[in-house]
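Report on one structure; see the data block that follows.
Whatever order the structure lists ligands and atoms in, that order sets their numbers, starting from 1.
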Amino acid sequence: MRIDRADVIVTSPGRNFVTLKITTSDGVTGFGDATLNGRELAVASYLRDHVAQLLIGRDAHRIEDTWQYLYRGGYWRRGPVTMAAIAAVDTALWDIKAKAAGMPLYQLLGGESRERCQVYGHASGRELPELFDSIRAHLDLGFTAVRVQTGVPGLPSVYGVASSSAAGDGGGRYDYEPARRSARPAEETWDTRAYLRHVPSVFDAVRNEFGPELALLHDAHHRLTPIQAARLGQSLEPYDLFWLEDVTPAENQEALRLVRSRTTTPLAIGEVFNTIWDYQTLISEQLIDYVRSPVTHAGGITGVRRIMDYAAMYQIKSGMHGPTDVSPVGMSAAVHLGIALHNFGIQEYMLHDERTDEVFGPTVEFAGGGLRPSQEPGLGINFDEQLAQKYPYEPAYLPTNRLLDGTVHDW
Ligand SMILES: O=NC(=O)[C@@H](O)[C@H](O)[C@H](O)CO
Ligand SMILES: [Co+2]
């Protein structure tokens with residue numbers, strides 16, 4: 001089965017997505033998600049201008065060889081653009097192989113290891129009443145785990161909190177779209193001390209209101225120093241979090257040693273990481289409990305499965321990133337892999353814009369607090385290319401962040 005075509009489709013139904021469509025000589029097509037929020041066109045060009053022609057004529061069944069050919073043949077190793085491009089090719093080839101075999105992709109990955117993949121939703125609120133409403137709305141939708149993000153006194157806007165501006169034209173939706181359509185990134189302000197003073201009281205109130213069972217997650221979004229992260233982890237221990245995410249930038253993986261030695265709050269890291277090497281110390285020294293990389297950003301099914309098999313040796317589980325900027329193609333791939341992995345942990349699940357679902361088709365089934373993959377052969381993608389053309393790309397950026405004194409800070 002030869003690869004005849006590799007088409008890159010950039011569409012923006014609710015937000016920008018980059019999708020790779022591979023067509024074989026047998027007429028079988030496969031889809032891959034190549035969306036990199038705020039840098040989408042870089043991946044589109046990497047695929048369209050440098051990779052597509054290398055795929056033509058290759059045997060579509062040679063997934064591992066193609067992965068290694070693109071990874072080692074690219075010479076310049078690793079990084080979000082390269083690994084998102086490789087992920088899209090890998091995912092599309094897995095889609096093709098499963099379609100050719102006439103079975104849902106997860107059957108090729110070892111079959112189901114559980115009924116469904118438990119998910120967590122994004123509950124948020126500038127103040128407690130709004131936050132409680134958002135948590136209740138997620139419970140009504142059937143979520144059994146929620147990420148809790150809240151405003152910080154004195155700060156006009158904070159990451160993860162839906163507000164009329166941040167939520168795009170949805171306005172106050174339960175899930176907010178972090179990338180805003182604009183010619184330049186929005187600038188936000190940050191005050192770590194105000195945040196550290198405030199967050200424990202929010203979780204105290206949430207536990208008092210919703211009880212001890214509900215799985216609560218929180219994302220510190222790379223903003224703390226290791227000692228501040230250790231303090232936050234300790235201060236949240238009474239509230240028994242499912243995980244505390246991205247507590248501190250982890251390019252220097254050793255930075256997590258200090259945090260890990262001072263708190264038992266479980267740690268999740270890695271949505272901005274894209275290869276197994278980004279996790280080598282984090283995993284081998286058990287500095288984390290959950291691996292956040294999704295199929296879309298870490299070299300596809302092949303790349304993430306390799307990371308998760310390594311993580312399994314250290315009893316570390318998956319916690320794949322699943323925001324609105326992972327497309328329904330990427331979400332479908334994550335759930336096909338997630339339902340097969342023995343060391344699956346939890347899956348992030350933001351609700352996509354309804355225009356997104358119209359273009360990509362429903363690719364996962366949400367019920368009982370979890371997701372099941374499509375039972376169609378392959379990934380189960382019904383991509384409407386005509387409708388996709390109705391939504392041209394629009395420049396959109398993730399915000400940038402500055403401390404009160406104007407110093408640039410992690411957003
Ligand atoms: O845990 N989820 C997150 O941190 C996301 O909201 C990320 O900021 C965006 O997906 C980046 O594009
Ligand atoms: Co995050």
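For the residue pair E254 and T281, no side-chain donor N or O sits within less than 3.5 Å of a side-chain acceptor on the partner. No side-chain N or O of H218 forms a donor-acceptor pair with one of E245 less than 3.5 Å apart. Under the 3.5 Å distance criterion, with hydrogens and angles disregarded, a donor-acceptor pair is assigned to the side chains of E237 and T263. A donor-acceptor contact under 3.5 angstrom links the side chains of Y279 and S293, judged on distance only.
Q253 places a side-chain N or O within 3.5 Å of a backbone atom of L282 that can act as its donor or acceptor partner.
Some N or O of H321 is nearer than 3.5 Å to an N or O of ligand 1, by distance alone. Checked by distance only, ligand 1 and D325 come closer than 3.5 Å through their nitrogen or oxygen atoms.
Ring geometry for W190 against Y195 counts as tilted: the plane angle lies between 30° and 60°, on a 0 to 90° scale. Ring planes of Y310 and Y314: perpendicular class, angle over 60° (limits at 30 and 60°).
For the Co ion (ligand 2), the nearby protein N/O/S atoms, meaning those under 2.8 Å, are D219 OD2, E245 OE2, E271 OE1.
Close approach to R147 involves these atoms of ligand 1, each under 4.0 Å from a residue heavy atom: 1 (O), 2 (N), 3 (C). The atoms of ligand 1 that sit less than 4.0 Å from any heavy atom of D219 are 1 (O), 2 (N), 3 (C), 4 (O). Atoms of ligand 1 lying under 4.0 Å from at least one heavy atom of W411, given by number and element, are 8 (O). In summary, the atoms of ligand 1 found under 4.0 Å from a heavy atom of P323, numbered by their order in the structure, are 10 (O). The atoms of ligand 1 that sit less than 4.0 Å from any heavy atom of E348 are 1 (O), 2 (N).
For residues 11-23, the side-chain hydrogen bond (donor to acceptor under 3.5 Å, both in side chains) pairs, not counting sequence neighbours, are S12-N16, S12-R181, R15-N37, R15-E40, R15-E177, K21-E385. Sorted by first and then second residue, the pairs that involve residues 355-378 and meet ring-ring contact (aromatic ring centres under 6.0 Å, His included), not counting sequence neighbours, are F17-F360, F143-F366, Y349-F366, F360-F383. Residue pairs that meet the salt bridge (charged side-chain N to carboxylate O under 4.0 Å, His left out) test with at least one member in residues 402-411, sequence neighbours left out, are E187-R402.
Taking all heavy atoms of L36, N37, T35 into account, the minimum distance to atom 12 (O) of ligand 1 is reached by N37.
Taking 4.0 Å as the cut-off, E245 counts as a neighbour of ligand 1 on heavy-atom distance.
Only the side chain of L398 comes within contact range of ligand 1, with a heavy atom under 4.0 Å; no backbone atom does.
Between Y120 and W243, the ring centre distance stays below 6.0 Å.
Of all protein heavy atoms, the one lying nearest to atom 3 (C) of ligand 1 is Y159 OH, 2.9 Å. Looking at atom 7 (C) of ligand 1, its nearest protein heavy atom turns out to be E271 OE2, 3.3 Å. Remark: minimum distance from atom 8 (O) of ligand 1 to any protein heavy atom is reached at H221 NE2, 2.8 Å.
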Inset, instruction - Mind running side chain to side chain contact (heavy atoms under 4.5 Å, CB included) on Q389 and I9 for me, showing each step along the way? - result: CA-CA 9 Å; Q389 286 171 13; I9 304 159; over 6 Å; no
